[in-house]
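Count residues from 1 along the sequence.
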Amino acid sequence: MNYKIVKIRSNHSVSKQRPILIIYTGGTIGMVQDATGSLVPFNFMKAMEHIPELSRIEVELTVISFPKPIDSSNVSIEVWQALGYIIHENYDQYDGFVILHGTDTMAYSASALSFMLEGLAKPIIFTGAQIPIGMLRSDARENLITSIEIAVNQRNGRPLVKEVCIYFNLGLYRGNRSQKMRSSTFAAFDSQNYPLLAESGIDISYNEAALAKPN
């Protein structure tokens, strides 16, 4: 695939910026309504203009966009292989990874990558949205901003999260213990057999006993 690549720098000095790679695969987060009210794919690079808050995070973002947005229902093994390849090729260059993905098959992709990329020492955070990023009540902004904050969060120079996760609607879930349960509310995901890894409120509160601790 010929990926589109764009870099976004924050207002902070370069020395303070931590590099994060965002991989946009498709999904509702990058859709817009056409003249008939139907959702159609949008240039996600333009969608980033709807989140000026990103410039205030101490992070340097690189965005890799799939050449053609993939509908969640069309995600295949080839897409998982492409994601694994991108992360493998860029693993040493970035402190963390955020994957923007359609919600219907997000849990499947997160689970697949968790087994493909064993022994991670960095965070890979899947997120998306129930409402497109350019719409008034979109949940995309909070999901994306907090996913990036989790991806850059470190303690003693090392990432706090070292596994594949899903962040959605104020909760961080283990990727291979997650399931989409609802389509009509922002609280789309649950983890019925594993506790939340973190909850986002005024601060991000981590359940450190539940976080993966790879050697």
Side-chain angles (χ1 to χ4, degrees), residues 1-5 21-48 50-51 63-88 97-117 123-144 146-148 151 163-194:
M1 294 184 181
N2 295 316
Y3 303 104
K4 301 175 184 176
I5 302 175
L21 180 61
I22 295 177
I23 306 170
Y24 172 63
T25 67
T28 299
I29 192 170
M31 307 287 271
V32 293
Q33 286 184 319
D34 63 13
T36 67
S38 300
L39 292 178
V40 295
F42 181 57
N43 182 343
F44 184 74
M45 303 306 184
K46 292 184 179 179
M48 297 290 281
H50 291 279
I51 315 180
V63 183
I64 289 181
S65 178
F66 275 37
K68 183 179 179 180
I70 298 170
D71 185 272
S72 189
S73 61
N74 293 327
V75 169
S76 63
I77 293 175
E78 288 73 25
V79 173
W80 298 341
Q81 291 172 331
L83 287 171
Y85 176 79
I86 292 170
I87 292 169
H88 173 74
F97 303 85
V98 175
I99 299 175
L100 306 180
H101 194 289
T103 58
D104 287 344
T105 53
M106 186 185 295
Y108 296 99
S109 294
S111 184
L113 257 67
S114 74
F115 292 105
M116 291 170 63
L117 303 171
I124 298 175
I125 314 297
F126 278 80
T127 195
Q130 295 286 66
I131 300 177
I133 201 168
M135 296 182 68
L136 182 61
R137 296 184 56 253
S138 176
D139 54 333
R141 295 176 185 81
E142 196 282 326
N143 286 344
L144 177 56
T146 305
S147 293
I148 293 170
E163 58 182 299
V164 179
C165 303
I166 291 175
Y167 177 79
F168 215 89
N169 190 51
L170 308 181
L172 183 69
Y173 305 88
R174 174 159 288 173
N176 56 26
R177 295 291 185 271
S178 303
Q179 184 178 5
K180 184 177 180 183
M181 303 294 291
R182 293 169 287 273
S183 297
S184 59
T185 73
F186 289 141
F189 289 87
D190 271 331
S191 180
Q192 295 182 322
N193 60 353
Y194 202 80

Exercise. In Å, rounded to the nearest 0.5 Å, how long is the span from CG of Asn169 to OG1 of Thr146?
Worked result: 10.5 Å
For this session: Measure the CG-CD1 distance between Leu21 and Ile87 for me, rounded to the nearest 0.5 Å.
Result: 8.0 Å
For this session: Side-chain contact test, heavy atoms from C-beta onward, threshold under 4.5 Å: evaluate it for Leu172 versus Ile125 and give yes or no.
Result: yes
Problem set entry | Closest non-hydrogen atom pair between Trp80 and Ser109, with its separation | NE1-OG, 2.8 Å
Exercise. With a 4.5 Å limit on heavy-atom distance, are the side chains of Phe168 and Glu142 in contact?
Worked result: no
Problem set entry | Nearest heavy-atom neighbours spanning Asn143 and Gly128 | ND2-O, 3.0 Å
For this session: Answer with yes or no whether the side chains of His101 and Thr25 bring together a donor and an acceptor at under 3.5 Å.
Result: no
Exercise. Got a second to check how far Phe189's CZ is from Met181's CE, nearest 0.5 Å?
Worked result: 11.0 Å
Exercise. Tell me, which pairs form a salt bridge (charged side-chain N to carboxylate O under 4.0 Å, His left out) where one or both residues lie in residues 164-175, sequence neighbours left out?
Worked result: Glu163-Arg174
For this session: Taking all non-hydrogen atoms of both residues into account, name the closest pair between Val98 and Ser147 and its distance.
Result: CG2-O, 3.9 Å
Problem set entry | Partners passing ring-ring contact (aromatic ring centres under 6.0 Å, His included) against Tyr108 (at least two apart in sequence or in another chain) | none
For this session: Compare every heavy atom of Ser114 with every heavy atom of Asn176, then report the nearest pair and how far apart it is.
Result: ND2-OG, 3.0 Å
Exercise. Within the side chain of Ser72, is there an N or O that forms a donor-acceptor pair under 3.5 Å with the backbone of Gly27?
Worked result: no
Exercise. Looking at Leu100 and Leu144, what are the two nearest heavy atoms and their distance?
Worked result: CD2-CD1, 3.8 Å
Seminar exercise, completed: Correct closest heavy-atom pair for Gln130 and Thr103 would be OE1-OG1, 3.7 Å
For this session: Give a yes-or-no answer on whether the side chains of Ser178 and Ser191 include a donor-acceptor pair shorter than 3.5 Å.
Result: no
Exercise. Roughly how far, to the nearest 0.5 Å, is the OH atom of Tyr194 from the OH atom of Tyr173?
Worked result: 14.5 Å
Exercise. Quick one: OG1 on Thr28 to CD1 on Ile131, what's the gap to the nearest 0.5 Å?
Worked result: 9.5 Å
For this session: For the pair Asp190 and Arg182, find out whether any cationic side-chain nitrogen is under 4.0 Å from an anionic carboxylate oxygen.
Result: yes
For this session: To the nearest 0.5 angstrom, please state how far the CD1 atom of Ile23 sits from the CZ atom of Phe66.
Result: 7.0 Å
